[in-house]
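The structure under discussion appears below in the form of structure tokens.
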Amino acid sequence: MAEKIDWSKYVQEQDTALTTEVEKIDIKEEKKKDEPNKESAADEASPAEVSLLTKIIRKGLVSNKNDLEIQRQNPNSPLHSVKTFEALNLNPNLLKGIYDMGFNAPSKIQETALPTLLAVPSQNLIAQSQSGTGKTAAFVLAMLSKVDSTKKYPQVLCLSPTYELAIQTGEVAAHMAKFCPEIEMKYAVRGEEVPRGSKLTEHIIIGTPGKVMDWALKFRVFDLKKIIVFVLDEADVMIAQQGHQDQCIRIHKELGPACQMMFFSATYENDVMEFAQAIVKNPIIIRLKREEESLDNIQQYYVMCPTQDHKYKALTNIYGTVGVGQAIIFCHTRKTANWLAEKMSRDGHAVAVLTGDLTVEQRINVLDRFRGGQEKVLITTNVLSRGIDIEQVTIVVNFDLPVDQNGRADCDTYLHRIGRTGRFGKHGIAINLIDSSTKHICKSIEEHFNRKINFLNAEDCDEIEKIAA
DNA sequence: AAAAAAT
């Protein structure tokens, strides 16, 4: 993720890659072959043009007045905020769904983002807001409002980086649409199948990149050109992370020129934001300043653990203090996660483990059990670092600190991980287990966010309990 | 290193 993106080069590479792919697939549909490609090629600004445009915007239109930093590229576009959901003129059944979810008034990001998301004519948005501040509900509301349920084909596409997050977003959408039974949804994730040659009739597709690409570009069970709203959740990781980037950009490039883009994340590295601006036309941008990125309601600690045994001991002490809450423990590898889970289970601690080497059935099972409180502790990898919303999680433990391929601190992943607690203003605790070789990583995370990470003695259970209380 | 697509 920390890799520099040479996106100008990337955009060109994608062009040729896409062309060959389309030709291969469309071999029998000769007549259509040339048109769409010509269109998109002519439509696309050259990298130099985009770069220039981006620079102008960044120089000229940054406002520092509010704690949300908003860049306005199109002077005619609406940029006001709403204090109530009523002010949005929603379908009454949708409004009913929102209140049924327990929302009373829009959160800060919802106040600012919703007028833009619902604007007519449609307006692109790149938004940043801290974890647990209501981004999902914001774009789900927009997704549901923009659908024309009389048209029986997919019009809204939402991409998530993981299976779990796609399902969670779908569940939020299902709840919000509780009184709008005419709106239909389809998951495009592992384990879902569509008969070959058939066409999807659902209005909304929520999925992960691989399956969406399969369905849209290989089997053609729906038409990306007919998508009017494209949501990219965890957008920074989707456009910048090796493995997701390729698939997402490919899908993105097949969308029609009028498709509304909604990009959301809690983090955007500078060059990732630049890339996002290069692929989203005339966006309204909501961006946080560095000092606002981290949440003050999450207290951060580190524990010195000279050996793996010390780490384990510290963890069992923490385990004893979880109380009514729940804890998520992050490991760097699946192997460590599985090893740790097995060791804790053998020692009589009830723990759940979730990694990418489980089947999708197992994954949903484990998460459902944890959501239901069947286990107090969940051991996992970065698969659950982003987006997962479980209110009862009071403690996040980094058994291993998040690092990038070069072994340097992965500050964005750190922020996302600790953001699994402290949802919607609640208190949360993050505990980092470190040794002399990883202390500098902890230090650079501390400096990056300018937020104190305090020393904690893991033997002092009273201390931990006091914090947890 | 992990994730996402089946194979």
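All heavy atoms count here, side chains included; hydrogens, waters and symmetry mates do not. Here the structure is a predicted model, which is why all the values come from computation and not from measurement. Proteins come first, then strands; the chains are lettered A, B, ... in the order of their sequence lines, and each starts at number 1.
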* Between Tyr414(A) (OH) and dA1(B) (P), how many Å, whole number? -> 23 Å
* **Test: Lys376(A) cationic atom under 6.0 Å from Tyr319(A) six-membered ring centre, within 45° of axis** => no
* Does Thr208(A) place a side-chain N or O at less than 4.0 Å from the phosphate oxygens OP1/OP2 of dA3(B)? -> no
* **Any Lys211(A) side-chain nitrogen or oxygen under 4.0 Å from OP1 or OP2 of dA6(B)** => yes
* **Atom-to-atom span, CD of Glu234(A) to P of dA3(B) - whole angstrom** => 15 Å
* Proximal nucleotide (of dA2(B), dA5(B), dA4(B)) relative to the Thr162(A) side chain -> dA4(B)
* **Spacing between Asn382(A) atom CG and dA4(B) atom C1', to the nearest angstrom** => 14 Å
* Asked: Has the side chain of Ser345(A) got a donor or acceptor atom that lies under 3.5 Å from a matching backbone atom of Ala341(A)?
  -> yes
* Write down the distance between CZ (Phe219(A)) and P (dA5(B)), rounded to a whole number of angstrom. => 13 Å
* Give me the ring orientation class for Phe264(A) and Phe139(A): parallel if the planes are under 30° apart, tilted from 30 to 60°, perpendicular past 60°. => tilted
* To do: Would you mind reading off the distance between Ile251(A) atom CD1 and dA5(B) atom P, rounded to a whole angstrom?
  => 10 Å
* Asked: Of all the choices, dA4(B), dA2(B), dA1(B), which nucleotide is nearest to the side chain of Tyr163(A) once you look at every atom?
  -> dA4(B)
* **OP1 or OP2 of dA1(B) under 4.0 Å from side-chain N/O of Arg334(A)** => no
* Structure fact -> Quick note, Gln247(A) side chain, CB onward, closest among dA5(B), dA2(B), dA1(B) is dA5(B)
* Looking at every strand, decide which applies to Thr355(A) at a 4.0 Å heavy-atom threshold: base, sugar-phosphate, or nothing. => sugar-phosphate
* Roughly, in whole Å, what's the span from CG in Asp357(A) to P in dA2(B)? -> 9 Å
* **N or O in side chain of Thr381(A) less than 4.0 angstrom from dA1(B) OP1/OP2** => no
* Base, sugar-phosphate, or nothing for Gly356(A), non-hydrogen atoms under 4.0 angstrom? -> sugar-phosphate
* Pi-cation contact, Tyr153(A) with Lys199(A) (under 6.0 Å, within 45°) -> no
* **Phosphate OP1/OP2 of dA4(B): any Arg363(A) side-chain N/O under 4.0 Å** => yes
* **Nearest-0.5 Å distance, CG of residue Asp357(A) to CG of residue Asn338(A)** => 5.5 Å
* **Leu165(A) CG to dA4(B) P, straight-line distance once rounded to whole Å** => 11 Å
* **Nearest-angstrom distance from the residue atom NE2 of His416(A) to P of dA1(B)** => 22 Å
